[in-house]
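First the structure, in the form of structure tokens, and then the observations on it.
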Amino acid sequence: QVHLVESGGGSVQAGGSLRLSCAASGLTFRNYNMGWFRKAPGKEREFVADITWNGITTTNKDSVKGRFTISRDTAKNTVFLQMNSLKPEDTAIYSCAAARIRGRYDYWGQGTQVTVSS
């Protein structure tokens with residue numbers, strides 16, 4: 001019943017920008033913390049950013065700080081990830097997730113592919 005659907009992925013050149021969207025349904029969106037994760041081939045899933053139910057944001061300061069921004073539109077049940085200054089190492093499948101309790105994710109989307117060429 002709960003569905004998280006990512007969109008906005010694609011192929012871009014290094015230095016370019018991309019905005020990912022995650023549309024949520026089947027849950028009370030305003031009560032959930034939302035997060036973005038990514039997984040590159042041969043590597044573990046990595047935390048990218050999250051935003052609490054009341055709008056507090058956190059980004060992975062080691063990998064994406066200063067380049068990525070997370071936001072949410074409660075009226076549209078959608079969370080976004082604005083990605084700027086993309087690098088080849090950002091290439092991965094990006095997934096969104098919902099957590100009733102922050103850090104304890106209950107639902108996951110299928111992911112969207114992001115490919116950055118040099």
Check whether any side-chain heavy atom of [X] sits under 4.5 Å from a side-chain heavy atom of [Y], and report yes or no.
| X | Y | result |
| --- | --- | --- |
| L27 | L4 | yes |
| T112 | I93 | no |
| N33 | I51 | no |
| T91 | V114 | no |

Looking at R67, I want to see if its CZ is surrounded by more than 12 non-hydrogen atoms of other residues, nucleotides or ligands under 6.0 Å.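 Result for CZ/R67: enclosed.
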Mind running side chain to side chain contact (heavy atoms under 4.5 Å, CB included) on V12 and L18 for me, showing each step along the way?
-> CA-CA 8 Å; V12 298; L18 208 60; 3.8 Å; yes
- Query: Is a side-chain donor or acceptor of R72 paired with a backbone partner of T52 at a separation under 3.5 angstrom?
  - Reply: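 Yes, the answer is positive, given that a donor and an acceptor are paired below the 3.5 Å cut-off.
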So which heavy atom on [X] is nearest to which on [Y], and how close?
| X | Y | value |
| --- | --- | --- |
| Q1 | H3 | O-CD2, 3.3 Å |
| G111 | S95 | CA-OG, 3.5 Å |
| A49 | L81 | CB-CD1, 4.4 Å |
| Q110 | E6 | N-OE1, 3.2 Å |

### Query
How about T58 and R102: does a side-chain donor come under 3.5 Å of a side-chain acceptor?
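There is such a pair (donor and acceptor under 3.5 Å, judged by atom type) between the side chains of T58 and R102.
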task = Examine the side chains of N84 and S17 and answer whether a donor and an acceptor come within less than 3.5 Å of each other.
result = yes
Residues pairing under ring pair (Phe, Tyr, Trp, His ring centres under 6.0 Å) where one sits in residues 50-73, two or more places apart or in two chains, turn out to be none
- Message: Test side chain to side chain contact (heavy atoms under 4.5 Å, CB included) on N31 and R100; report intermediate values, then the result.
- Response: CA-CA 7 Å; N31 292 338; R100 185 65 180 84; 4.1 Å; yes
Rounding to 0.5 Å, atoms CG (L20) and OG1 (T78) come to a distance of 12.5 Å
Value for CD1 (I70) from SG (C96), rounded to nearest 0.5 Å, stands at 9.5 Å
Sorted by chain and residue number, the side-chain hydrogen bond (donor to acceptor under 3.5 Å, both in side chains) partners of Q113 (sequence neighbours excluded) come out as T115
Say whether [X] and [Y] are linked into one hydrophobic cluster, either directly or through other cluster members, by side-chain heavy-atom distances under 4.5 angstrom.
| X | Y | value |
| --- | --- | --- |
| Y105 | F29 | no |
| Y32 | V2 | yes |
| V64 | F47 | no |

Which pairs of donor and acceptor atoms, one on a side chain in residues 34-43, lie under 3.5 Å apart (sequence neighbours left out)?
residue : atom : partner : partner atom : Å
W36     : NE1  : F80     : O            : 3.4
R38     : NE   : E46     : OE1          : 2.7
R38     : NH1  : D90     : OD1          : 2.9
R38     : NH1  : Y94     : OH           : 3.0
R38     : NH2  : E46     : OE1          : 3.0
K39     : NZ   : K43     : O            : 2.9

